[in-house]
Colleague: 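Structure provided below as structure tokens; questions to follow.
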Protein chains: 2
Amino acid sequence: MQPARRLYRRESEENRRSALISATQELVAEGGPEAATVRAIAARAGVTPGLIRHYFQTKDELTRAAYRALMDGMTAKGADALDGVGALPEERLAAFVAASLRPPVLDAGAVVLWAGYMHKVRSDPELLAVHEAGYLAYRDTLQGLIEALPRKAKPGQTRSEAIACNALIDGLWIEGSLLRTTFQPDEVVAIGLRSVAAILGVELTAPPVPLPDPGKTL
Amino acid sequence: MQPARRLYRRESEENRRSALISATQELVAEGGPEAATVRAIAARAGVTPGLIRHYFQTKDELTRAAYRALMDGMTAKGADALDGVGALPEERLAAFVAASLRPPVLDAGAVVLWAGYMHKVRSDPELLAVHEAGYLAYRDTLQGLIEALPRKAKPGQTRSEAIACNALIDGLWIEGSLLRTTFQPDEVVAIGLRSVAAILGVELTAPPVPLPDPGKTL
DNA sequence: CATTTTGTTATACGCGCGGATAATCGACGC
DNA sequence: GCGTCGATTATCCGCGCGTATAACAAAATG
């Protein structure tokens, strides 16, 4: 009785791809890029290593897909935050900042994943393009929200302020994610809102209420 | 005439160790942790792979030493910035902030190195200790400089402000290092000083002069 | 139910990895 | 100068890596 060939089910391409991408992200988040070997990824996704090459020509391609998925997911979550909120500029800016400093954006796995791929981003033109697109989309949204505020700004001032707010949010995102236990719930959000308000010279005490998803008609 | 045995010079332990540590840091900065193999490190340091094991029992030990050296170097540079500067609180804080946002602290290699080791820091207790020591030293210095400012602060306020300033500086350090060409010289310093001043509600137009090292009696 | 298609597994290959050990030879005490 | 010591090199080992290819079987097709 030799070991029988492993049973399996055929799955849709979409299911397989997303499973492999998720497995890659999880492994990088847990143990860095060197932990995301093809064998480990396949095991995590519940398939055998060879299947990876059926959906991705090379491991690098899977890597790129995983990074792209990370960036897309983060920007999507940022956009979601602006969906249900009102039209008041202060309110919209506050919602955007708060969403960036709360789960699911605030997430240690995402930070480690982002950090683990940093050097690849610098050396791989395709990843660099993905990164810059995501980065600029975020900063543009931020700058647009700042420009909508009711105040007079000198030319060029908005750019500097957007850079500063972006840096502040990034820093809080990293520290808040990695040292989540060190902070009280929503303490990071409060600090972020207060600091952004100070940088921009506006009142930003608008509702940072988490509002527990009052609908979705589930 | 078979290939002769490689010529070599004996070096002090200190020289060898620092050469190996530097080589490790360079390689991680350039190509991430997976590029820093023992063979590549040895080649970069001008020795053969076996020698690494003469000075470090394992590669992990060398890795830890390299990370420790990075953190020590950065905090040392931060402390240096406070050496020659006057006693005015605003001036000292400004000097500290500016030094953190200028070379040699502002350095893409340092950022990538820091990012590349992030997941190891989370999983290795020894590295975690090194990291926290460096991190807290920085934040304590920052908080001390903030508390020295001539103003009245509510209890607990300083902590929040130190976290915010720290996050802002971190974010600017990362973006300024990675996108150095995107910014004008000292633009990041200017943004950092202006934003820290806004967060703390103080004037901080104190001299961010680079002062080209007017002495050292070399 | 027979046939084709192709998603999936199984197996193998070559390479570079980190680590261990033995041989060598540069420097230093005497 | 001559030994002696140990810093340094040379060589080897087993393993896990990414990749390639063939065998297989689950579903689709008629």
Side-chain angles (χ1 to χ4, degrees), chain A residues 1-24 27-28 30-67 116-117 120 123-124, chain B residues 1-24 27-28 30-67 116-117 119-120 123-124 127:
Chain A
M1 179 173 163
Q2 56 193 354
R5 191 183 180 89
R6 170 178 172 154
L7 305 175
Y8 63 95
R9 282 189 49 217
R10 292 187 163 199
E11 291 282 355
S12 72
E13 172 166 348
E14 189 188 315
N15 279 353
R16 288 296 191 214
R17 291 188 94 97
S18 78
L20 290 170
I21 287 173
S22 296
T24 304
L27 286 165
V28 174
E30 290 167 14
E34 59 259 41
T37 69
V38 290
R39 286 164 176 81
I41 294 169
R44 176 75 58 115
V47 298
T48 51
L51 192 63
I52 290 181
R53 294 240 329 149
H54 188 75
Y55 289 105
F56 301 93
Q57 282 211 352
T58 176
K59 190 198 173 186
D60 256 47
E61 200 177 306
L62 171 55
T63 291
R64 277 190 269 261
Y67 185 76
Y117 280 155
K120 286 193 212 293
S123 58
D124 182 327
Chain B
M1 178 178 163
Q2 55 193 350
R5 192 183 180 88
R6 171 180 171 147
L7 304 176
Y8 64 94
R9 284 189 48 218
R10 296 188 159 198
E11 291 282 354
S12 73
E13 172 166 350
E14 188 187 317
N15 280 352
R16 288 295 191 212
R17 291 187 94 97
S18 78
L20 290 171
I21 288 173
S22 297
T24 304
L27 287 165
V28 174
E30 290 167 14
E34 59 259 39
T37 68
V38 289
R39 286 163 175 81
I41 294 168
R44 178 74 59 113
V47 298
T48 50
L51 191 63
I52 290 182
R53 295 239 327 149
H54 188 75
Y55 289 105
F56 300 92
Q57 282 209 354
T58 176
K59 190 199 172 184
D60 257 47
E61 199 178 307
L62 171 55
T63 289
R64 279 190 267 261
Y67 186 76
Y117 280 153
H119 81 272
K120 287 193 213 291
S123 58
D124 182 328
L127 280 191

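Residue numbering restarts at 1 for every chain, and letters A, B, ... go by the order of the sequence lines.
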Colleague: Quick one: A/Glu34 CD to D/dG18 C1', roughly how many Å, whole number?
Modeller: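 After rounding, the gap between these two atoms is 16 Å.
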
Colleague: Base contacts versus sugar-phosphate-only contacts with protein, heavy atoms under 4.0 Å: please encode nucleotides 5-12 of chain D as B, S and - from 5' to 3'.
Modeller: -BBBBS--

Colleague: Determine the minimum heavy-atom distance between A/Lys59 and A/Ala36, stating which atoms define it.
Modeller: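 So the two residues come closest at NZ-O, 2.9 Å.
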
Colleague: Under 6.0 Å from the six-membered ring centre of A/Phe56 and within 45° of its axis: does the NZ or CZ of A/Arg17 meet both?
Modeller: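 Yes, A/Arg17 lies over the aromatic ring of A/Phe56.
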
Colleague: Provide the closest heavy-atom pair for B/Ala40 versus B/Ala35 in the form atom of the first, atom of the second, distance.
Modeller: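 So the minimum-distance heavy-atom pair works out to CB-O, 3.7 Å.
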
Colleague: Hey, does B/Val47 have a side-chain heavy atom less than 4.5 Å from the side chain of B/Leu20?
Modeller: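 Yes. Closest side-chain heavy atoms under 4.5 Å.
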
Colleague: Whole-Å distance between C/dG18 P and B/Glu61 CD?
Modeller: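 In whole Å, C/dG18 P lies 15 Å from B/Glu61 CD.
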
Colleague: Kindly give the heavy-atom pair with the smallest separation between A/Pro33 and A/Gly116, and that separation in Å.
Modeller: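 Smallest heavy-atom distance, with atoms named: CG-O, 3.3 Å.
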
Colleague: I need the CZ-C1' distance between A/Arg53 and D/dT21, as an integer number of Å.
Modeller: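 From A/Arg53 CZ to D/dT21 C1': 10 Å.
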
Colleague: May I have the distance from B/Ile41 (atom CD1) to C/dC17 (atom C1'), rounded to whole angstrom?
Modeller: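 Result: 12 Å.
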
Colleague: Check the distance between C/dT5's P and A/Glu13's CD and give it to me in whole angstrom.
Modeller: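 Roughly 19 Å, once rounded to whole Å.
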
Colleague: Are B/Leu51 and B/His54 side-chain neighbours, meaning at least one heavy-atom pair lies under 4.5 Å?
Modeller: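 Yes, their side chains come closer than 4.5 Å.
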
Colleague: Is B/Thr58 near enough to C/dG18 that one of its side-chain N or O atoms lies under 4.0 angstrom from OP1 or OP2?
Modeller: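 For C/dG18, neither OP1 nor OP2 has a side-chain N or O of B/Thr58 closer than 4.0 Å.
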
Colleague: Using a cut-off of under 3.5 Å, enumerate the N/O to N/O pairs linking the protein to nucleotides 28-30 of chain C.
Modeller:
none

Colleague: What is the minimum heavy-atom distance between A/Arg39 and A/Pro49, and which atoms define it?
Modeller: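 Residues A/Arg39 and A/Pro49, closest heavy atoms: CG-CG, 4.0 Å.
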
Colleague: So, for A/Ala42 and A/Thr48, which heavy atoms are closest and what is the spacing to 0.1 Å?
Modeller: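 Smallest interatomic distance, heavy atoms only, reads CB-C, 3.6 Å.
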
